[in-house]
Asker: 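Here it is, the structure, as structure tokens.
Note on naming: letters A, B, ... go to the chains in the order of the sequence lines (proteins, then strands), and numbering restarts at 1 for each one.
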There are 2 protein chains.
Amino acid sequence: MTGRTVTISEVAKHAGVAVSTVSYVLSGKRTISADTRRRVLDSISALGYHPNAGARALASKRSNVIALVLPLRAGMHVPVLMRFASAVVTAARRFDHDVLLLTADEGTAGIRRVAASALVDALVLMDVELDDRRVPLLRELAEPSVLIGFPASPAGLTCVDLDFAAAGARCVEHLAERGHEEIALLGAPSVVYERGTGFADRTREGFVAALDAHGLTGVALPCEETFDEVYETVRDLLLDRPGLSGLVVHNEAAVGHVLAALRQLDRRVPHDVAVVAICPDDVAERASPPLTSVPIPAEEVGREAVRLVMEKLEGRPVPASTLLGPLLVIRAST
Amino acid sequence: MTGRTVTISEVAKHAGVAVSTVSYVLSGKRTISADTRRRVLDSISALGYHPNAGARALASKRSNVIALVLPLRAGMHVPVLMRFASAVVTAARRFDHDVLLLTADEGTAGIRRVAASALVDALVLMDVELDDRRVPLLRELAEPSVLIGFPASPAGLTCVDLDFAAAGARCVEHLAERGHEEIALLGAPSVVYERGTGFADRTREGFVAALDAHGLTGVALPCEETFDEVYETVRDLLLDRPGLSGLVVHNEAAVGHVLAALRQLDRRVPHDVAVVAICPDDVAERASPPLTSVPIPAEEVGREAVRLVMEKLEGRPVPASTLLGPLLVIRAST
DNA sequence: TGAGAGTGTCGAAGCGCTTCGACGACCGGC
DNA sequence: GCCGGTCGTCGAAGCGCTTCGACACTCTCA
């Protein structure tokens with residue numbers, strides 16, 4: 001079974017056809033008679049043939065591999081990243097592509113390397129910052145790329161993400177419908193805002209705009225991720241704003257701490273304070289009480305990124321910007 | 001800069017040498033005079049040459065890519081996985097290799113495919129189960145592989161992992177030193193034990209054995225991951241065992257809930273109950289109070305796995321089993 | 001001083017695949 | 001009955017690299 005490696009010419013010999021015929025059977029790029037096709041396919045499975053990826057890449061100038069570039073930085077929402085990665089791999093396989101994993105350790109050099117060496121045909125980049133060093137490089141690269149997230153100036157790029165502004169607004173809207181009049185957003189740690197990570201800012205903007213639109217009062221605060229800091233933030237917030245009755249939490253790591261803090265401050269959810277989170281579904285479900293939330297659609301985003309990059313590989317035009325609409329899942333916390 | 005792709009023969013022409021000379025400069029497989037080497041290297045950087053990965057793989061029968069196989073199942077410790085993955089990528093780069101990401105969706109077919117097509121030279125598998133379907137396949141594969149985790153019968157395989165039994169024992173030992181006489185282990189969710197995931201079992205075994213060795217009484221319980229379930233478990237545990245004063249938590253997702261539950265039950269940490277966790281450092285640091293813990297040495301394990309797989313690629317013998325000794329970091333919770 | 005042993009470099013033969021042009025065989029239309 | 005078109009298949013030319021054997025030198029040491 002796992003004997004010597006079988007080549008296309010052995011398949012051709014076994015099937016009694018030319019090497020090129022086998023190739024055309026596999027690629028479907030020329031018409032082949034049903035009879036010949038069957039003979040070839042039989043030989044392929046009889047011999048256990050697998051095309052050699054290197055040879056194929058060399059001859060066709062296509063490696064059928066895409067790069068997935070993950071920045072593995074501090075303060076990141078790692079589990080979400082993983083779900084993105086998984087979705088990208090699964091989607092890529094559906095297009096008969098594999099995924100090469102690149103971390104940011106190597107900086108832009110890694111991207112340049114895999115592109116220049118033809119190791120990959122295209123790139124998908126995750127967790128893009130507003131001012132991302134990788135962006136200028138992508139513009140000059142021949143290989144198509146898609147970003148998950150939006151840099152400050154996305155001109156000439158293809159980007160896809162959850163519409164965080166709409167997500168922030170959706171949370172406000174929901175709390176407004178429930179009759180809350182003073183609410184707060186607990187967002188990412190301040191370091192994330194300082195770094196200029198797009199999604200954090202965009203959620204805040206959507207939140208603030210929706211506050212206005214619905215005539216509510218409120219405030220948007222950064223939120224650290226240790227229990228003690230979260231506790232203080234929540235305590236001070238409730239002290240400063242006695243009328244506050246709704247909370248939007250956009251910080252996966254802090255969400256549990258926020259609930260624990262409220263518990264300790266004797267505020268009952270949702271009776272005293274209603275809580276909406278923007279976070280992965282499993283976190284929302286596991287909380288006590290289970291949280292009304294806007295889930296992060298990692299699967300959809302990953303799938304869409306791959307679809308877009310494949311379109312670009314085919315030379316087809318794609319929209320520069322794809323924003324996925326937020327869903328609101330209502331649970332026990334509002 | 002990102003103009004047409006530069007080939008080795010253009011470099012050779014530019015440097016005034018033969019193609020093979022350029023190749024030998026790059027690989028170091030034959031001696032080259034210092035002068036020629038310099039000329040060639042200058043031409044390489046002048047032209048911006050990057051060897052074509054496909055051509056290289058075809059000619060050398062080495063793709064310089066290793067596969068990282070991640071099962072992306074429910075109930076997994078995803079952030080830890082990510083750190084493993086990151087460590088593997090970084091370590092692989094140090095050996096001039098890239099990493100192809102494979103998920104378990106494709107089952108064993110994916111492994112077979114990338115191996116047979118020579119897309120990868122070797123494999124690293126993560127989160128191995130006691131009875132892992134992938135294991136028999138690895139045995140018959142020509143490509144070397146290394147497992148992170150231990151299957152039930154590791155004969156003929158190369159495995160590396162944290163020594164979870166020693167980690168469980170180390171926690172007990174620490175609590176014994178602090179004078180605790182009755183302690184409990186809160187482990188993985190029961191579904192993880194039922195699936196037969198090695199590390200959960202091994203921690204429990206180490207815990208139980210150390211209990212005996214130190215003459216302590218105690219119990220090992222599975223632990224679910226929602227706050228309410230954790231709360232009940234902890235409450236019942238304290239009710240059943242009034243003498244209990246130490247807790248070992250080997251469940252990253254539940255660790256925060258355990259502390260919140262203790263807080264709510266008016267047990268102070270470490271005054272009333274001491275807590276030791278087996279979990280990633282960032283989780284232990286972020287908790288309140290910061291937890292004494294045995295960290296999961298993801299970086300070391302990943303690096304070691306890559307080192308082993310590279311050794312095997314070179315044809316050198318490697319130990320079948322590598323267990324990394326646990327470290328105990330003392331913080332405020334004991 | 002000449003045989004023998006390195007050194008440093010070259011040319012050419014593949015590696016396994018895709019793709020292009022060519023070419024019979026067969027078809028229908030006049 | 002001949003011509004132009006398809007259809008199905010083949011052969012050969014690469015793709016860009018590694019590696020093997022050959023070979024021209026330059027040193028040593030007898």
Side-chain angles (χ1 to χ4, degrees), chain A residues 4-41 43-44 47-65 96 113-121 142, chain B residues 3-41 43-44 47-65 96 113-121:
Chain A
R4 240 195 60 279
T5 172
V6 183
T7 72
I8 196 173
S9 75
E10 298 176 54
V11 173
K13 200 169 300 167
H14 187 275
V17 298
V19 163
S20 48
T21 302
V22 177
S23 177
Y24 286 124
V25 166
L26 253 22
S27 70
K29 293 194 178 170
R30 286 204 181 171
T31 47
I32 295 286
S33 69
D35 177 56
T36 305
R37 155 181 270 90
R38 245 211 351 83
R39 281 217 319 287
V40 169
L41 291 176
S43 297
I44 285 175
L47 300 177
Y49 168 69
H50 285 264
N52 178 293
R56 180 171 266 191
L58 178 56
S60 68
K61 309 196 161 306
R62 281 294 196 91
S63 65
N64 275 32
V65 174
D96 197 33
R113 180 174 54 80
V114 295
S117 67
L119 227 189
V120 306
D121 298 332
Chain B
R4 239 196 59 277
T5 173
V6 183
T7 72
I8 195 173
S9 73
E10 299 176 53
V11 173
K13 200 168 300 167
H14 187 274
V17 298
V19 163
S20 48
T21 302
V22 177
S23 178
Y24 286 125
V25 166
L26 253 21
S27 70
K29 292 195 178 170
R30 287 205 180 170
T31 47
I32 295 286
S33 69
D35 177 58
T36 305
R37 155 183 271 88
R38 244 209 355 83
R39 281 217 320 287
V40 169
L41 291 177
S43 298
I44 285 176
L47 300 177
Y49 168 69
H50 285 263
N52 179 293
R56 181 171 264 193
L58 178 57
S60 68
K61 309 195 161 306
R62 280 294 196 91
S63 66
N64 275 31
V65 174
D96 197 33
R113 180 174 54 80
V114 296
S117 66
L119 228 189
V120 306
D121 298 332

Asker: Given C:dG16, is OP1 or OP2 found less than 4.0 Å from the side-chain N or O atoms of B:K61?
Answerer: yes
Asker: A:N52 has an atom CG; how far is it from atom P of D:dG16, in whole Å?
Answerer: 17 Å
Asker: The side chain of A:I8 is closest to which nucleotide in this list: D:dA12, C:dA12, C:dT18?
Answerer: C:dT18
Asker: State whether the distance check finds a donor on one side and an acceptor on the other, under 3.5 Å, for side chain B:S20 versus base C:dG11.
Answerer: yes
Asker: Within the 4.0 Å heavy-atom criterion, would you say B:S23 contacts the bases, only the backbone, or no part of the nucleic acid?
Answerer: base
Asker: Drop me the distance from A:L26's CG to A:I8's CD1, to the nearest 0.5 angstrom.
Answerer: 6.5 Å
Asker: What is the distance, rounded to the nearest whole Å, between atom CG of A:N64 and atom P of C:dT18?
Answerer: 10 Å
Asker: Would you kindly check whether a donor in the side chain of B:Y24 faces an acceptor in the base of D:dC20, or vice versa, at under 3.5 angstrom?
Answerer: yes
Asker: Return the 5'-most residue of the pair B:A55, B:A34 with respect to DNA chain C, ranking by each residue's nearest nucleotide.
Answerer: B:A34
Asker: Any side-chain N or O of A:K29 under 4.0 Å from OP1/OP2 of C:dT18?
Answerer: no
Asker: Between atom CZ in B:R39 and atom C1' in C:dT9, what is the gap in whole Å?
Answerer: 11 Å
Asker: Rounded to the nearest angstrom, tell me the gap between atom NE2 in B:H50 and atom P in D:dC15.
Answerer: 21 Å
Asker: Find which nucleotide of DNA chain C each of A:T21 and B:L58 is nearest to by heavy atoms, and output the residue with the more 5' nucleotide.
Answerer: B:L58
Asker: Nearest to the side chain of A:I32 - D:dT9, C:dC10, C:dG16?
Answerer: D:dT9
Asker: Heavy atoms only, 4.0 Å cut-off, all strands: where does A:V19 land among base, sugar-phosphate and nothing?
Answerer: base
Asker: Starting at NZ of B:K13 and ending at P of C:dC10, how long is that distance when rounded to a whole Å?
Answerer: 14 Å
Asker: Between A:T5 and A:N52, is a side chain to side chain contact (heavy atoms under 4.5 Å, CB included) present by the stated rule, with each step listed?
Answerer: CA-CA 9 Å; A:T5 172; A:N52 178 293; 5.9 Å; no
Asker: Could you please name the option among D:dC17, C:dT18, C:dC10 that lies closest to any side-chain atom of A:R56?
Answerer: C:dT18
Asker: Which of these nucleotides, C:dC17, D:dT9, C:dG14, is closest to any side-chain atom of B:A59?
Answerer: C:dG14
Asker: Categorize A:T7 for me: base, sugar-phosphate, or nothing, with a 4.0 angstrom heavy-atom threshold over every strand shown.
Answerer: sugar-phosphate
Asker: Okay, side chain of B:S63, backbone of B:L119: is any donor-acceptor separation there less than 3.5 Å?
Answerer: yes
Asker: Under the side chain to side chain contact (heavy atoms under 4.5 Å, CB included) rule, what do A:T7 and A:E10 come out as? Steps first, then yes or no, please.
Answerer: CA-CA 5 Å; A:T7 72; A:E10 298 176 54; 3.6 Å; yes
Asker: Closest approach to the side chain of B:R30, judged atom by atom: which nucleotide of C:dT18, D:dG16, D:dA22 is it?
Answerer: D:dA22
Asker: What is the minimum heavy-atom distance between A:H14 and A:S43, and which atoms define it?
Answerer: ND1-OG, 2.7 Å
Asker: Among C:dC10, D:dG16, D:dG8, which is the nearest nucleotide to the side chain of A:T31?
Answerer: D:dG8
Asker: Which heavy atom in A:Y49 sits nearest to a heavy atom in A:V6, and how many Å separate them?
Answerer: CD1-O, 3.4 Å
Asker: Between B:R62 (CZ) and D:dT19 (C1'), how many Å, whole number?
Answerer: 15 Å
Asker: Looking across every strand, which nucleic acid part, if any, lies under 4.0 Å from A:S33 by heavy atom: base, sugar-phosphate, or nothing?
Answerer: sugar-phosphate
